[in-house]
Amino acid sequence: MTALPLTLQRGACPALSAPMMTGDGLLARISLIEAISPEQLADICRLALTYGNGMIDISARGNLQVRGLSKISAPRLDAEVRAMKLPLRDGLAVEVPPLTGMDDSEIADPRPLAEAIREASRGITGLAPKMAVVVDGGGILRLSDLLADIRLVAVGKHDWKLLLGGTEQSARVFNVLRETLVVDTVIDLLKRLASLGDKARGRDLVRGLAVNEAVPHTSSSSSGLSRASAGIATVDPSQMLGTSPSMTTGNAAASPFELFVLSDGLHAVGIGPAFGQAEAEDLIILCDEAARLGIKTLKPALDHSLLFFGTEIACRTLRDFAHANGFVTSTTDPRGHIAACSGSPACHSARIATHEIAAKASAECADLLDGSFKLHVTGCPKGCAHPQPAALALCGTADRVSLIAEGKAADQPFAFSSFADTNATLRRLADLVRSERRPGENSAACLARIGSDRLAAAATGRP
Ligand code: SF4
C-alpha cells in the first residue's frame, strides 16, 4: 500500500492524496473541475461510509471533503476515487463559475483561459498550497466573494480585468488586458509568486509593487507587458482599453440557493447541507431522488451547495424533496447566512461546537440573518469558514468566546461571552438590531451604524 504524505500543519491544504489531520481523523479533499452524475456522488458517499466516519463537507469553494479517515483507509479512498475516473482537479486551482457555458448572461466563456492557465502553470513549483486563480466570465452566479490570489473578470468579450488578492470587492486592480495577453501575464505573476516562496500570496504582489511599477519579467517572456501596461491600475480600469463602464461586470455574487434558468431550456437548482456538512446517507437519499427524477448531472459549488441540472419540473421537485429532508434550498433560510467551520469535536483546534451554536442562532435570530452578511461562527481565530472580514463573528478562544464586528476572526473583539452564554449574547445583539433598524435598513448596515461600543454594551447586558 502506498504511504500518503500526511498534512498536519494548520494552514495546509488537504487533497485526495495528501489528507490533513483534524479532530475526527484525516480529511481528504475531492476537487472536481466538471459536473458528475448523482450516481457518482452517491458512490463517493458510500466510500465515505466505508473508509471515513460518514461525514462529508461541501466547502465554501465547492470542494467535497471526506472526514474521519485513518492512515489505512485514506489510501484506499484515494485509490477507489481515482478508479472512478472522475474529472478531478490536477495541479493549480483555477476556478470558473459553476454555471459557465450554460449561462446566456455570461460576458465571456472563461473555460478556455482557465484551461490554458492550468496547463501553462504545470511546470511552476513552490507556490502556496492554497494558491487560487479565479476566471469569472460574469453571469448570474459569480465567484466574487471567494478569495483569489489572481482573479480575472470579463469586462468585454475579449477583455479581462486582472485583480490581485482578496475578494473581487477588496482586491486591487492590476490591469485590464486583451485576451491574448492574459495567460502569459498570469504565468508571469505566478512565477513571481513562486520566487517569493510558498507563503507568498496574491496580496504580496500588491504590497511588492509600487503604483504603476512594471512586473519584472524575463526577456524570454512573451507576455508583451511593458512598464506602461503592467502595474497596479490607478485609473478606472474600464478606461484603460476604452471599454465602456456598462461593459464591466458588477460585483454582486448571487446565492446558489435558487432555481436558475439556463441555455436550451436547462434549469439548475442549488441545494446544500446546513453549515456545509452532511451525513453521507442523507446525500445518498438526495442523489437517488435526483436520479429518479431524471437529473443527470450535478456540481458541488460555492457557498457549500450542490447544483443539480435538469428540467424545471425535476429541479422544482428535487428542491421540495430536499427542503422536506432538512437541506438548505432557499436564499431566505437563515442557515445559509451563517459561515460555521467544523468546530468541536471535528477539529482539534476548535474551542466551541460551532454547528450547535449556529443551529440555535438560525432558529433564534432569523431576523438578524437577513442575507446582508454572513454570521461567522468559528472554532478558533484561524477562521477557516470565512477568511474575509464579517459584519459579526463569534470566535472560540481558550476560555471564552470573542465577538468581533467588521473584522476577521483574529481581529480585536468588541466584547466577550462565556461559552454557556454565547447564544443568549447573540440574541441580545439581535434584539438590539431589531429595535434599532431603520426602515429599509439591512442587518449589516444596522450593525455598522450601531457601532462597537453599543454592541459591546448590549452583548454584556448593560443598559
Ligand atoms: S477555524 Fe475551525 S476548522 Fe479551522 S482550525 Fe479553527 S476550529 Fe478548526
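Counting starts at 1 for both ligands and their atoms, following the listed order. By convention here, the first residue in the shown sequence is residue 1.
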S.K.: Does any N, O or S atom of C347, backbone or side chain, fall under 2.8 Å from atom 8 (Fe) of ligand 1?
M.R.: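 It does; at least one qualifying atom falls short of 2.8 Å.
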S.K.: So that I can check it, does any N, O or S atom in C380 come closer than 2.8 Å to atom 6 (Fe) of ligand 1?
M.R.: yes
S.K.: Compute both the distance and the angle, then confirm whether R400 meets the cation-pi test with F416: under 6.0 Å from the six-membered ring centre, within 45 degrees of the axis.
M.R.: yes
S.K.: Within the 4.5 Å heavy-atom criterion, are I357 and F419 side-chain neighbours or not?
M.R.: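 Side-chain contact under 4.5 Å: no.
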S.K.: Quick test of your reading of the model: are R434 and D431 salt-bridged, counting only N-O distances below 4.0 Å?
M.R.: yes
S.K.: Check ligand 1 against T378 and write out every atom of the ligand that is under 4.0 Å from a heavy-atom position of the residue.
M.R.: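 Result: 1 (S).
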S.K.: Strictly under 2.8 Å, is any N, O or S atom of C341 next to atom 2 (Fe) of ligand 1?
M.R.: yes
S.K.: Indicate yes or no: at least one non-hydrogen side-chain atom of R142 is less than 4.5 angstrom from one of E168.
M.R.: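 Of all side-chain heavy-atom pairs linking E168 with R142, at least one is under 4.5 Å.
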S.K.: Under a 4.0 angstrom heavy-atom cut-off, which atoms of ligand 1 come close to A350?
M.R.: 7 (S)
S.K.: Within the 4.5 Å heavy-atom criterion, are P97 and L99 side-chain neighbours or not?
M.R.: no
